[in-house]
Novice: 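Structure provided below as structure tokens; questions to follow.
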Amino acid sequence: MAEPRSDEQTTSKNDEAKQSAPKYMTVTLRDPDTSTVVDAILELDEDATKHPRLAKITKSLGDKADSVSNEVCETYVVLSVGSGHQTAAIFYDECVSPLLAAVYPTHQRDFHVHITTSATSVLELTNSVFFPKANAGERLRIIILSGDGGVIDLVNGLSAHPTSPSYVAPQVVLLPLGTANALYHSVNAGKANDWGLNALSSSQSQPLPIFTATFSPGARLLVDEARSEEELSIEPSSGLPTLHGAVVCSWGMHASLVADSDTAEYRKFGVERFKMAAKEALYPADGSAPHAYKAKVSVLKGDEWTALNKNEHMYTLATMVSNLEQPFCISPHSKSLDGSMYLVHFGPTSGDEAMRLMTLAYQGGKHVEEPAIDYRAIDGLRIEFEGREEEGRWRRICVDGKIVRVEKDGWVELRKDPRRVLDIVTV
């Protein structure tokens, strides 16, 4: 005979069943050539950082009055197989490709699929294919399965050349297969995460605001887990090393933890790698206080530079997005693709206090309400080291995940860039 169960036991079993039951979401797309509606039912993974699985595709005849004209232009699909959990190819084969075949039945076979083979693949493809076509006036649509790094390689490749009057900014569909996916989560802040699939048939897009970071001569890009260094691209007009970005430029704790966690060992832990690196930086093994970063920091507003009245710093960050991860709201006043830039800064403090301040960012950006945080709209940022930091690790600058080390007396200057180099497809 079965043992009688109390109401609490029954409730507990029901709760367990609910928790173990698969969760689904439906994404609705439209065939641009017809009024056909494509519904994709996705089975969500219990781990929200892992991509969903395609459970079912259904088609139905929609209302022609609701259809939106979306002429299919030359389309490229870029799979960054080294990004995030390294599942871009799996997600494409099992989910994205069947969806594209359903939405674009007469065009999908003509889409160009490129799989990255190295860290420079996207940049090389941009230089050899995307820029020449865009500069000749061809309309391109690029579906990119990657993290922020793939988009930033597109930005740098497209920004590296003078453009003709015929230049047409490529449209980019973001499918977030990286670790943090700051740009995607900022563009889609407040919306359910559909992994960018709703944008596959969207006809809407907005220009991507970008910035330019100019470095002093001698600055080097750190690669291969900082075991090697490379020269940066030289801006022809200034003759100085340059990087372009769209997400963040930082120095201090943020740049250090991004740099220190960018290893194969750390990347196994996904987005948790940033928290792990932060704890090591904030609580040094020898029991000392966290490093006080030394430099002259100035901010630009309009045409006027103003130096901060501090010579030591812990967190210095300029951003054009709201979220650095989906739950990590670094700049709550930033709106999607609005072109604003905000400074987030605080000075030297204890590991506990720094951790407390940054934890507040996971609560909708409440850290900016703290007196210790300098949070303001800016147009540029300049950091001058003036020989104050002997060790190179304290002179590392992060530009959208790329790490640049400058010389002892070096500097970096960041400004908004008015150019329109690519558009982001929105829903």
Novice: Mark yes or no for whether Arg141, through its side chain, and Cys73, through its backbone, hold a donor-acceptor pair below 3.5 Å.
Specialist: no
Novice: Would you say Ile143 and Tyr76 make side-chain contact, with heavy atoms under 4.5 Å?
Specialist: no
Novice: Compare all side-chain heavy atoms of Ile403 with those of Leu221 and state whether any distance is below 4.5 angstrom.
Specialist: no
Novice: Considering residues at least two apart in sequence or located in another chain, which fulfil the ring pair (Phe, Tyr, Trp, His ring centres under 6.0 Å) criterion with Phe91?
Specialist: His51
Novice: Just how far is it from atom CG of Asn198 to atom OG1 of Thr426, taken to the nearest 0.5 Å?
Specialist: 11.5 Å
Novice: Do Leu158 and Tyr167 have side-chain heavy atoms sitting under 4.5 Å apart?
Specialist: yes
Novice: Looking only at heavy atoms, what is the nearest atom pair of Ala295 and His313, with distance?
Specialist: O-NE2, 2.9 Å
Novice: Would a 4.5 Å heavy-atom cut-off, applied to side chains only, mark Asn323 and Ile330 as touching?
Specialist: no
Novice: Rounded to the nearest 0.5 Å, how far does CG of Leu337 lie from CE of Met320?
Specialist: 9.5 Å
Novice: Decide if atom CD of Glu231 counts as having more than 12 heavy atoms of other residues, nucleotides or ligands within a radius under 6.0 Å.
Specialist: no
Novice: Any non-hydrogen side-chain atom of Leu240 less than 4.5 Å from a side-chain atom of Phe215?
Specialist: no
Novice: Between His291 and Glu389, does any side-chain donor sit less than 3.5 Å from a side-chain acceptor?
Specialist: yes
Novice: Could Arg139 and Glu74 be called an ion pair, given the rule that one side-chain N must be under 4.0 Å from one carboxylate O?
Specialist: no
Novice: Between Lys408 and Glu390, is there a salt bridge with N-O shorter than 4.0 Å?
Specialist: yes
Novice: Can you tell whether the side chains of Lys402 and Asp153 come within less than 4.0 Å, N to carboxylate O?
Specialist: yes
Novice: Compute whether any side-chain donor of one residue and acceptor of the other, for Asp400 and His244, lie under 3.5 angstrom apart.
Specialist: no
Novice: Test Glu386 against Lys296 for salt bridge (Lys or Arg N to Asp or Glu O under 4.0 Å), laying out the working first.
Specialist: CA-CA 8 Å; Glu386 302 177 328; Lys296 177 183 176 182; 5.0 Å; no
Novice: Measure the spacing between OG1 of Thr126 and NZ of Lys133 and express it to the nearest 0.5 Å.
Specialist: 13.5 Å
Novice: Hey, could you give me the SG/CD1 distance between Cys95 and Ile90, rounded to the nearest 0.5 Å?
Specialist: 12.5 Å
Novice: Can you see whether Tyr375 engages Ser331 through a side-chain donor-acceptor pair at a distance of less than 3.5 angstrom?
Specialist: yes
Novice: When you look at Ile424 and Leu422, which way does the side chain to side chain contact (heavy atoms under 4.5 Å, CB included) test go after all the steps?
Specialist: CA-CA 7 Å; Ile424 298 296; Leu422 62 82; 3.8 Å; yes
Novice: Can you sort out the partners of Tyr184 under ring pair (Phe, Tyr, Trp, His ring centres under 6.0 Å), two or more places apart, ordered by chain and number?
Specialist: none
Novice: Closest heavy-atom contact between Ser146 and Asn181?
Specialist: O-OD1, 3.6 Å
Novice: Does the Lys301 side chain pair with the main chain of Val299, one donor and one acceptor, at a distance under 3.5 Å?
Specialist: no
Novice: Could Arg376 and Asp374 be called an ion pair, given the rule that one side-chain N must be under 4.0 Å from one carboxylate O?
Specialist: yes
Novice: Nearest 0.5 Å, what's the OG-CD distance between Ser205 and Gln171?
Specialist: 4.0 Å
Novice: Begin from the C-alpha positions of Val297 and Lys310 and carry the test side chain to side chain contact (heavy atoms under 4.5 Å, CB included) through to its verdict.
Specialist: CA-CA 8 Å; Val297 177; Lys310 297 178 180 178; over 6 Å; no
Novice: Does any non-hydrogen side-chain atom of Phe111 lie less than 4.5 Å from one of Tyr104?
Specialist: yes
Novice: Over all heavy atoms of both residues, which pair between Tyr342 and His333 is shortest? Give the atoms and the distance, please.
Specialist: OH-CB, 3.4 Å
Novice: Would you say Ser97's side chain and Tyr92's backbone share a donor-acceptor pair under 3.5 angstrom?
Specialist: no
Novice: What I'd like to find out is whether the side chain of Leu232 reaches to under 4.5 Å of the side chain of Leu243, using heavy atoms alone.
Specialist: yes
Novice: Could you check Val173, Ile142, Val172 and say which one makes a side chain to side chain contact (heavy atoms under 4.5 Å, CB included) with Val425?
Specialist: Val173
Novice: Does Thr242 use its side chain to pair, donor to acceptor, with the backbone of Ile234 at less than 3.5 Å?
Specialist: no
Novice: Would the distance check show the side chain of Ser186 and the main-chain N or O of Ser322 forming a donor-acceptor pair, the cut-off being under 3.5 Å?
Specialist: yes
Novice: How about Asp303: does its CG atom have over 12 heavy atoms from other parts shown lying under 6.0 Å from it?
Specialist: no
Novice: Start with the C-alpha distance between Tyr293 and Ser256, add both sets of side-chain angles, then the distance that settles side-chain hydrogen bond (donor to acceptor under 3.5 Å, both in side chains), and finish with yes or no.
Specialist: CA-CA 11 Å; Tyr293 295 80; Ser256 291; 2.9 Å; yes
Novice: Kindly state each residue pair satisfying salt bridge (charged side-chain N to carboxylate O under 4.0 Å, His left out) with at least one member in residues 345-354, sequence neighbours excluded.
Specialist: Glu353-Arg356
Novice: Are Thr28 and Asp39 close enough that a side-chain donor and a side-chain acceptor fall under 3.5 Å?
Specialist: yes
Novice: Which residue in the set Leu381, Leu300, Asp379, Ile378 passes side chain to side chain contact (heavy atoms under 4.5 Å, CB included) when paired with Arg415?
Specialist: Leu300
Novice: Is there a side-chain contact between Ser121 and His114 (heavy atoms, below 4.5 Å)?
Specialist: no
Novice: Looking at every non-hydrogen atom in both residues, tell me the closest pair between Pro290 and Gly351 and how far apart they are.
Specialist: CG-N, 3.7 Å
Novice: Under 3.5 Å, is there a donor-acceptor pair linking the side chains of Asp417 and Thr212?
Specialist: yes
Novice: May I ask you to check if Arg382 and Trp411 form a cation-pi contact, with NZ or CZ under 6.0 angstrom from the six-membered ring centre and within 45° of the axis?
Specialist: yes
Novice: Please check this pair: side chain of Thr116 against backbone of Ser118, looking for a donor-acceptor N/O pair closer than 3.5 Å.
Specialist: no
Novice: Hey, is the main chain of Glu124 close enough, under 3.5 Å, to the side chain of Ser128 for a donor-acceptor pair?
Specialist: yes
Novice: Crowded around Arg405 CZ? As in, over 12 foreign heavy atoms under 6.0 Å?
Specialist: no
Novice: Considering non-hydrogen atoms only, spot the tightest contact between Cys249 and Ile397 and give its length.
Specialist: SG-CG2, 3.9 Å
Novice: Give a yes or no on whether Lys191 atom NZ has more than 12 heavy-atom contacts from other residues, nucleotides or ligands under 6.0 Å away.
Specialist: yes
Novice: Flag the pair Arg53 and Asp45 as a salt bridge only when some basic side-chain nitrogen lies within less than 4.0 angstrom of an acidic carboxylate oxygen.
Specialist: yes
Novice: Do other residues, nucleotides or ligands put more than 12 heavy atoms under 6.0 Å from the NZ atom of Lys416?
Specialist: yes
Novice: Using the side chain to side chain contact (heavy atoms under 4.5 Å, CB included) rule, take Leu317 and Leu324 through it: C-alpha gap first, then chi angles, then the decisive distance, then the call.
Specialist: CA-CA 11 Å; Leu317 178 147; Leu324 295 184; 4.2 Å; yes
Novice: Using a strict threshold of under 4.0 Å (side-chain N to carboxylate O), is an ion pair present between Glu230 and Arg220?
Specialist: no
Novice: Measure across Ala354 and Met314 and return the closest heavy-atom pair with its distance rounded to 0.1 Å.
Specialist: CB-SD, 3.6 Å
Novice: Quick one, Leu154 with Phe131, criterion side chain to side chain contact (heavy atoms under 4.5 Å, CB included). Give me CA distance, side-chain angles, the key distance, then yes/no.
Specialist: CA-CA 9 Å; Leu154 289 175; Phe131 178 78; over 6 Å; no
